[in-house]
Amino acid sequence: MTTTDTATARTSPAITPVLIRLKLSLLRNGLRQSTGRRAAYIASVTVALLFAALQLLGLIALRGNTHAATVCVLLVGVLALGWAVMPLFFPSGDETLDPTRLVMLPLRPRPLVRALLAASLVGIGPLFTLCLAAGAAVALAHGAAAAVTGVLAVVLTLLVCVALARAVAAANIRLLTSRKGRDLAVLSGLVVAVGAQVVNFGAQKLGSSGVSTLDPAADVVRWIPPSAALGAVDAVSEGAYATAAAQLALTAAALLALLALWQRSLTRLMTTPDGSTIAAAQPDKGTSRTSGALGGLLPAGRTGTVMERSLRYVWRDPKTKAAWVTSLAIGLIVPLFNALQGTGSVYFACFAGGMLGVLMYNQFGQDTSAFWMVAMTISSPRDAYVELRGRALALLLITLPYAALVTALTTAMLGDWPALPEVLGLSFALLGAMLATGAWSSARFPYSIPQEGYKNVAPGQAGLAWISIVGGMVAAALLCAPVLALTIWLHASGATSWTWLLLPLGAVYGTTVTELGLRLSAPRLARRLPEILTAVSRG
């Protein structure tokens with residue numbers, strides 16, 4: 001660096017206060033855009049602060065409790081995990097800190113990291129983290145040395161959490177700021193659904209076994225930053241100063257490593273051109289080899305074409321993929337988790353077929369404005385019937401083996417193998433009923449699915465969505481009544497040796513109901529093509 005560069009560097013203003021003021025200004029101007037946005041932000045701040053205050057008081061109340069260290073260490077570990085995954089599922093949650101917006105400015109990575117770290121400390125998330133870490137430190141600190149260690153631990157915990165989130169975001173920013181990356185946020189519903197079941201399962205286990213069952217996990221997590229910093233507070237309170245020093249050093253080393261990773265990602269972003277368009281411009285050499293490979297396994301004609309199109313939607317369209325993945329996960333988790341708890345029933349396996357059967361509803365909404373290309377090929381009820389049949393067969397291609405697998409796993413975990421045929425028969429009957437009502441509902445109550453954002457229903461069409469799904473599910477339940485009544489009668493009369501007949505009967509019944517539903521829905525679909533096109537194109 002020359003003398004002129006050194007003088008310029010000394011006289012140039014620090015960028016840390018500039019970025020902090022920039023973030024505050026952008027936040028203030030964003031809240032001025034609309035009253036609804038301002039009200040939503042104030043409500044979210046109020047709820048977050050209230051929850052943070054309750055967490056702080058609850059952790060302080062644990063002071064002196066035998067399991068206080070276990071609770072605090074694990075709680076901070078879960079909080080750090082949330083900071084790590086937050087940028088992946090909510091990439092637009094903090095647009096003011098997108099480093100790609102600064103690549104054209106003459107900024108060096110090291111001071112930029114310091115400035116962005118300071119700006120990252122402004123917000124609801126850091127305040128919530130500070131309250132939780134402070135409450136945990138108060139709960140674990142006993143004595144002056146532990147109090148001093150607690151102050152250092154709170155600072156390290158907050159910085160590690162923020163640096164972790166920013167390092168993950170910077171390492172994946174090219175993906176997260178693209179359309180495909182933003183669409184990954186749609187899968188956050190799956191994380192919420194799976195997480196809710198895991199939390200429910202864990203809460204029940206804790207209720208029956210006590211917090212002491214978490215002690216082995218806490219012994220491991222207390223050596224993982226930033227939980228290690230809180231582990232150091234507990235270690236100082238117990239007089240284990242060497243252990244505390246090692247845990248603090250480990251947390252500080254993790255912070256330095258995250259900052260180094262963050263700086264490296266920023267350097268790469270500022271010196272390397274974005275190659276996303278280069279890959280798009282290059283010809284896909286594998287397209288010619290793979291195109292039509294799936295179609296070779298499907299029936300010939302329009303049926304196979306419709307099936308292939310539907311399956312490609314499942315693989316390529318983010319909203320469709322998210323719906324499928326969520327249904328597959330929940331359909332598996334509910335029966336298996338109930339079986340693991342020992343309170344489940346083998347009939348919960350029918351939940352798998354029901355979750356996937358819901359995907360038959362609003363079949364044309366996933367096409368959005370592209371449905372006009374499908375509508376151009378439908379000129380008669382026969383064309384409409386083949387279109388609906390192809391979509392139903394594509395769904396069955398995945399659902400049938402999946403329902404059989406979930407049913408087999410559930411019966412194996414419960415040890416009730418004699419119930420396998422009847423439960424599988426009920427699943428097939430339920431699936432057939434939902435395919436029938438789903439086809440009719442798709443033709444009668446179509447609605448649009450917005451491609452951008454997190455909404456699954458276009459504004460003004462929520463009523464249509466409720467009628468389509470809830471009404472269709474009620475109708476499907478009524479259609480399944482004969483098979484369900486037969487099952488109850490066989491058990492009530494003691495003729496359980498004949499329950500195996502429910503498997504072929506359920507399969508035949510489901511097939512018959514599906515065929516009837518498709519044939520009744522096809523004429524309506526052929527007549528209402530313009531209305532359906534208008535409804536599904538609103539998003």
Side-chain angles (χ1 to χ4, degrees), residues 48-84 117 120-121 124-165 199 202-203 205-259:
L49 292 179
L50 179 61
F51 191 65
L54 293 176
Q55 285 275 57
L56 178 62
L57 295 176
L59 290 173
I60 294 176
L62 285 176
R63 183 178 175 84
N65 189 280
T66 307
H67 303 290
T70 298
V71 174
C72 293
V73 166
L74 292 180
L75 193 60
V76 171
V78 172
L79 179 66
L81 180 62
W83 275 96
L117 181 62
S120 300
L121 297 176
I124 304 175
L127 179 60
F128 180 84
T129 303
L130 179 63
C131 292
L132 192 147
V138 171
L140 299 179
H142 299 280
V148 174
T149 306
V151 174
L152 180 60
V154 170
V155 175
L156 285 176
T157 299
L158 178 60
L159 292 178
V160 168
C161 288
V162 175
L164 177 61
V199 170
K205 284 294 184 181
L206 287 178
S208 59
S209 303
V211 183
S212 58
T213 57
L214 295 178
D215 289 341
D219 292 337
V220 176
V221 175
R222 70 173 60 243
W223 287 97
I224 302 176
S227 298
L230 274 303
V233 179
D234 184 56
V236 171
S237 299
E238 295 179 355
Y241 297 104
T243 300
Q247 290 173 324
L248 287 176
L250 184 61
T251 306
L255 176 60
L256 294 177
L258 289 172
L259 293 177

Query raised in the report: side chain to side chain contact (heavy atoms under 4.5 Å, CB included) between L62 and L59: does it pass, once the steps are laid out?
Result: CA-CA 5 Å; L62 285 176; L59 290 173; 4.1 Å; yes
Query raised in the report: For L230, which of T157, L156, T149 qualifies under side chain to side chain contact (heavy atoms under 4.5 Å, CB included)?
Result: T157
Requested in this report: Sort out for me which residue in L130, L127, T129, L158 forms a side chain to side chain contact (heavy atoms under 4.5 Å, CB included) with L121.
Outcome: L158
Separation between [atom1] of [X] and [atom2] of [Y], rounded to the nearest 0.5 Å:
| X | Y | atom1 | atom2 | value |
| --- | --- | --- | --- | --- |
| I60 | L56 | CD1 | CG | 4.0 Å |
| D234 | S227 | CG | OG | 12.5 Å |
| L140 | E238 | CG | CD | 9.5 Å |
| L250 | R222 | CG | CZ | 13.0 Å |

Could you report the tightest heavy-atom contact between [X] and [Y], atom names first, then the distance?
| X | Y | answer |
| --- | --- | --- |
| V160 | L258 | O-CD1, 3.8 Å |
| A229 | T251 | N-OG1, 3.3 Å |
| R63 | V138 | NH1-O, 2.6 Å |
| A139 | C72 | CB-SG, 4.0 Å |
| V233 | A153 | CG2-CB, 3.6 Å |
| A246 | W223 | CB-CZ3, 4.1 Å |

Query raised in the report: For V76 and L132, what are the C-alpha separation, side-chain angles and deciding distance, and is it a side chain to side chain contact (heavy atoms under 4.5 Å, CB included)?
Result: CA-CA 8 Å; V76 171; L132 192 147; 3.9 Å; yes
Requested in this report: Output, in order, the C-alpha distance, side-chain angles, deciding distance and verdict of side chain to side chain contact (heavy atoms under 4.5 Å, CB included) for I124 and L49.
Outcome: CA-CA 8 Å; I124 304 175; L49 292 179; 5.7 Å; no
Report task. Determine whether C131 and F51 make a side-chain contact, defined as any pair of heavy atoms from C-beta on separated by less than 4.5 Å. Result -> no
Query raised in the report: Are any of the side-chain heavy atoms of P226 and C161 separated by less than 4.5 Å?
Result: yes
Requested in this report: Output, in order, the C-alpha distance, side-chain angles, deciding distance and verdict of side chain to side chain contact (heavy atoms under 4.5 Å, CB included) for L117 and L259.
Outcome: CA-CA 9 Å; L117 181 62; L259 293 177; 4.1 Å; yes
